[in-house]
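Structure record follows, encoded as structure tokens.
Counting begins at 1 with the first residue of the sequence. Numbering of ligands and ligand atoms starts at 1, following listing order.
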Amino acid sequence: MSFKKDFIWGAASAAYQIEGAYDEDGKGLNIWDLYSHEEGVVAHGETGDVACDHYHRYKEDVRLMKEIGIKYYRMSISWTRILPKGTGEINRKGVDFYNSLFDELITNGIEPMVTLFHWDYPYELHCKGGWLNDESSDWFEEYAAVCVKLFSDKVRYWMTINEPQVFVGLGYDNGEFAPCIKSSLPEILRMSHNILLAHGKAVRAIRAGAKREPVIGFAPTGPCITPKDNTVEEIEKARYQSFDMWPKGFVFSNSWWGDPIVLGKYPDKAFEYFGDTLRNLIKDGDMEIISSPIDFYGANIYRSSSTGTVNGYDSNEYIGCPRNSMDWVITDDALYWSAKFLYERYKVPILITENGMPCHDRVSLDGKVHDPNRIDYVTRYVKGLKKAAEEGADVMGYLYWSIMDNFEWTSGYDKRFGLIYVDYLTQERTIKDSGYWYKGVIDSNAENI
Ligand code: BG6
């Protein structure tokens with residue numbers, strides 16, 4: 001048994017993390033352009049101003065992708081490169097850039113998959129209240145409609161939003177990520193509802209405007225809880241905890257976002273906790289918009305925590321557990337359980353939109369980048385994913401995060417997730433051992449794992 005024949009193999013990136021050219025060719029500013037410049041936001045005072053300079057080097061990058069054998073490339077569009085003010089006037093040079101990039105990908109046999117929003121929110125819209133403004137879902141709908149009109153002759157795969165858990169949780173709840181805000185509970189509820197509406201309106205705009213049959217999803221993350229042993233009780237506990245939500249920090253949960261989007265209703269616990277404050281936000285027809293049918297459920301998964309832990313992954317269960325350079329535990333069965341649980345609950349195909357490992361990579365004296373830990377990590381995780389598929393989960397594909405080393409948000413450039421090593425001083429690229437190895441995985445549809 002194996003993955004299906006048309007299994008999607010590829011790698012992912014996001015505009016702000018690789019493009020650079022932050023104020024070139026008419027691009028408008030976004031919140032990361034601004035807040036990364038504030039003292040204390042990003043490690044070592046680094047910013048995404050230049051990043052991997054992908055804006056100027058995309059041809060070389062596509063050539064390297066081809067060398068690695070990438071068949072699908074998940075990338076995001078920088079909203080303000082297309083609409084500098086977030087809505088209204090279109091920036092032709094931004095459009096030209098993405099058209100050239102899509103052409104380059106397609107000519108090289110690589111299918112583009114587009115995320116509309118990977119956290120780089122237009123600054124002009126932020127000044128109008130951002131997601132708190134009840135017009136924000138219309139702004140996003142306009143942006144989605146513009147992109148579909150411009151690019152749907154070249155792009156079939158669309159993801160609306162990336163990790164609402166993280167951009168809301170870290171950006172507007174604990175204030176670590178741009179725009180570094182700590183919001184009140186009613187504000188978090190309101191912006192969440194607006195984001196869900198934005199997602200739903202974008203799904204409809206894509207479906208209505210696409211020139212070729214679109215394949216639409218979103219790319220959430222969320223806790224993945226695994227059973228500490230294979231008893232029925234522990235498996236049930238893990239399933240329950242994977243979709244549980246709590247009165248504080250609930251934006252990080254799976255069900256807060258996944259249930260409205262796929263099941264068309266907020267989790268019961270949300271009404272228990274927030275009562276009329278939540279009820280009053282929901283207008284007639286909202287839940288139908290939010291749950292406009294999607295074709296796949298994306299999942300960004302890097303790690304899990306076991307039902308045996310007291311306090312998530314920071315407990316004795318993981319004493320001596322291998323960790324990556326972000327200090328995240330390496331938990332081999334994360335993709336197995338999450339693909340299984342997500343498919344059971346939501347019953348739409350699961351696409352692993354991100355999974356990968358940051359290592360302490362460097363160019364060795366022989367000029368190569370040896371990263372056996374990354375190869376070992378992907379082998380273990382993909383084995384788990386394969387097992388989930390064999391046991392009946394509809395798994396559509398796997399996208400490694402990331403195609404190349406890049407700007408890891410507040411951690412800056414130290415954390416290297418890439419299949420391609422980037423020397424940020426010279427912008428020289430080197431395919432890592434894992435990149436060459438991944439080609440074998442793709443070519444054999446993971447029969448070699
Ligand atoms: C992605 C980011 O969407 O999520 C990556 O763009 C990052 O740079 C990853 O490493 C982290 O996932 P999580 O679930 O820990 O936020």
Using distance alone, decide if ligand 1 has a nitrogen or oxygen within less than 3.5 Å of any nitrogen or oxygen in Trp119.
-> no
Test of proximity, Trp328 against ligand 1: N or O pairs below 3.5 Å = no
Between the side chains of Tyr336 and Glu391, does any donor sit under 3.5 Å from an acceptor?
-> yes
Using a 4.0 Å heavy-atom cut-off, say whether Ile301 meets ligand 1 through its side chain, its backbone, both or neither.
-> neither
Could a heavy atom of His118 be found less than 4.0 Å from some atom of ligand 1?
-> yes
When distances are taken from atom 14 (O) of ligand 1, the protein heavy atom at minimum range is Thr221 OG1, 2.9 Å
Is the closest heavy atom of Arg303 to ligand 1 under 4.0 Å?
-> yes
Is it the side chain, the backbone, both or neither of Glu354 that has a heavy atom closer than 4.0 Å to ligand 1?
-> side chain
Test item: side-chain donor near acceptor, Thr115 and Asn162, under 3.5 Å | no
Is the shortest distance from a Lys or Arg side-chain nitrogen in Arg429 or Asp61 to a carboxylate oxygen in the other one below 4.0 Å?
-> yes
Name the closest protein heavy atom to atom 7 (C) of ligand 1, giving the residue it belongs to and the distance to 0.1 Å.
-> Glu408 OE2, 3.4 Å
How close does the nearest protein non-hydrogen atom get to atom 2 (C) of ligand 1, and which residue and atom is it?
-> Trp409 NE1, 3.4 Å
Heavy-atom neighbours of Lys85 NZ exceed 12 at 6.0 Å = no
